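These notes are about the structure you will find just below.
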Amino acid sequence: MSRLVPNKWLKTNVLLRHREIVKHIPETRVYSRAVLVRMLNQYGRVVMKPCIGFGGHGLILISKLRSGYTVHHHEKILSRMSFGTMLALVERLRRKRAYLVQRGLVLASISGRPVDYRVKLLRRHGKWFTKAIVGRLAKPGLFVTNIHSGGTVLRANDALRRSLSISPHAKKQEMNRLSYLGMEALTRAFPGIDKLGFDYGLDRQGNIWMLEVNTQPR
């Protein structure tokens, strides 16, 4: 059975120490109020995610606007919140669980629906291979693309062409290359892993960002 490493921070921390992969990871920190304030002031938009969680459950998108703060959680969007009200809501949603704060990217989209990508690697008979590279399209009104949350699976080629109007080959090749670098780092840190799912987002300029990695990809 493949080793399970559920804690997102443990995996991210390994990848942040890789001098090439780190260039493709949006700033990610363990949640504290000071971290949240600093990153909202710096980026204007952050995603909070539970350190242990799956399927997009518990994700919170927070934006800082001139009119106040906007919080997007599941299908609810609450706007024009004061800082204090936003912080109280975050603490209520967090329920004392450990969370990460990640720079909120504006992903390339199709008809206003964000798209991301899953690269799934498997090890069989001691050798790693790429099982699949797919696109995932968010359900209308959501920023989360996970299938558990109503997202739609797309062929990666179609998703790249429709969201960015680019030739997909080079982007798929780069995501695959980064995934193998990540696999090497993670299997050194956590021996016994036999499957990995790397999640990537491409921003509107086509830059590739590694959002997180799952040791039990579906």
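Because the structure is a prediction, the values reported are computed rather than measured.
Residue pairs meeting the ring-ring contact (aromatic ring centres under 6.0 Å, His included) criterion with at least one partner in residues 154-176, sequence neighbours excluded, do not occur; the list is empty. Listed by first and then second residue, the ring-ring contact (aromatic ring centres under 6.0 Å, His included) pairs that reach into residues 77-102 are Tyr69-Phe83, sequence neighbours excluded. Each salt bridge (charged side-chain N to carboxylate O under 4.0 Å, His left out) pair with one or both residues in residues 82-92, not counting sequence neighbours, appears once here: Arg33-Glu91, Glu91-Arg94.
A heavy-atom distance below 4.5 Å is found between the side chains of Leu154 and Arg162. The shortest distance between side-chain heavy atoms of Arg161 and Pro168 falls below 4.5 Å. Between Arg118 and Val153, the closest side-chain pair of non-hydrogen atoms is not below 4.5 Å. With contacts defined as side-chain heavy-atom distances shorter than 4.5 Å, the pair Leu100/Glu212 does not qualify. Contact annotation: the side chain of Ile25 approaches that of Leu16 to within less than 4.5 Å [non-hydrogen atoms, C-beta and beyond]. Side chains of Val30 and Val35 form no contact here, defined as non-hydrogen atoms less than 4.5 Å apart.
Between Leu105 and Pro26 the shortest heavy-atom distance is CD1-CG, 3.9 Å. Here the closest heavy-atom approach between residue Thr85 and residue Met81 is recorded as CG2-CE, 3.4 Å. Residues Arg123 and Ile193 share a closest heavy-atom pair of NH2-O, 2.8 Å. The two atoms that bring Leu196 and Trp128 nearest to each other are CD1-CH2, 4.0 Å, heavy atoms only. Scanning all heavy atoms of the two residues, the minimum distance from Ala189 to Arg3 falls at O-NH1, 4.5 Å. Closest non-hydrogen pair, Ser163 versus Tyr117, comes out as OG-OH, 3.6 Å.
Cluster annotation: Tyr200 is connected to Ile166 through the hydrophobic network of ILVMFWY side chains, with a link wherever side-chain heavy atoms come within less than 4.5 Å. Cluster membership check: Met210 shares its hydrophobic cluster with Leu10, using side-chain heavy-atom separations under 4.5 Å among Ile, Leu, Val, Met, Phe, Trp and Tyr. Tracing side-chain contacts under 4.5 Å through hydrophobic residues (I, L, V, M, F, W, Y), one never reaches Met183 starting from Leu4; they form parts of separate clusters. By the criterion of side-chain heavy atoms lying less than 4.5 angstrom apart, applied directly or through intervening Ile, Leu, Val, Met, Phe, Trp or Tyr residues, Phe198 is grouped together with Val22 in one hydrophobic cluster. Under the 4.5 Å side-chain contact rule for hydrophobic residues, Ile52 and Val90 do not share a cluster.
With sequence neighbours left out, the side-chain contact (heavy atoms from CB on, under 4.5 Å) criterion links Lys120 to Leu122, Lys131, Pro217. Legend: residues meeting side-chain contact (heavy atoms from CB on, under 4.5 Å) with Lys11, ordered by chain and number and at least two apart, are Val5, Leu186, Phe190, Val213, Thr215.
Note that the NE2 atom of His74 and the NE2 atom of His57 stand 8.0 Å from one another [nearest 0.5 Å]. The CG atom of Asp116 sits 7.0 Å away from atom CG of Leu107, with the distance rounded to the nearest 0.5 Å. Taken to the nearest 0.5 Å, the CG atom of Leu160 stands 9.0 Å off from the CD1 atom of Ile110. We find the OG-CD1 distance between Ser79 and Ile77 to be 6.5 Å, quoted to the nearest 0.5 Å. Summarising the geometry, atom CG belonging to Asp194 is positioned 7.0 Å from atom CZ belonging to Arg124; distances are rounded to the nearest 0.5 Å. Rounded to the nearest 0.5 angstrom, Arg19 CZ and Arg17 CZ are separated by 15.0 Å.
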Check residues 36-43 and write down every donor-acceptor pair under 3.5 Å in which the side-chain atom is one partner and the other belongs to a residue at least two apart or another chain.
residue : atom : partner : partner atom : Å
Arg38   : NH1  : Glu27   : OE1          : 3.1
Arg38   : NH1  : Glu27   : OE2          : 2.9
Arg38   : NH1  : Gln42   : OE1          : 2.8
Arg38   : NH2  : Glu27   : OE2          : 2.6
Asn41   : OD1  : Lys64   : NZ           : 2.5
Asn41   : ND2  : Val37   : O            : 3.3
Tyr43   : OH   : Glu27   : OE1          : 2.5

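Distance alone, capped at 3.5 Å, is enough to place a donor-acceptor pair between the Gln102 side chain and the Leu211 backbone. Side-chain N or O atoms of Arg113 include one that pairs as donor or acceptor with a backbone N or O of Ala138 at under 3.5 Å. A donor-acceptor contact shorter than 3.5 Å links the side chain of Lys171 to the backbone of Gly206. Using a distance-only test at 3.5 Å, with no hydrogens or angles considered, a donor-acceptor pair links the side chain of His24 to the main chain of Ile208. Of the possible polar contacts, none joining the Tyr31 side chain to the Pro50 backbone as a donor-acceptor pair under 3.5 Å is found.
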Requested in this report: Could you please spell out the steps behind the side-chain contact (heavy atoms from CB on, under 4.5 Å) verdict for Leu202 and Asn207?
Outcome: CA-CA 5 Å; Leu202 273 68; Asn207 299 308; over 6 Å; no
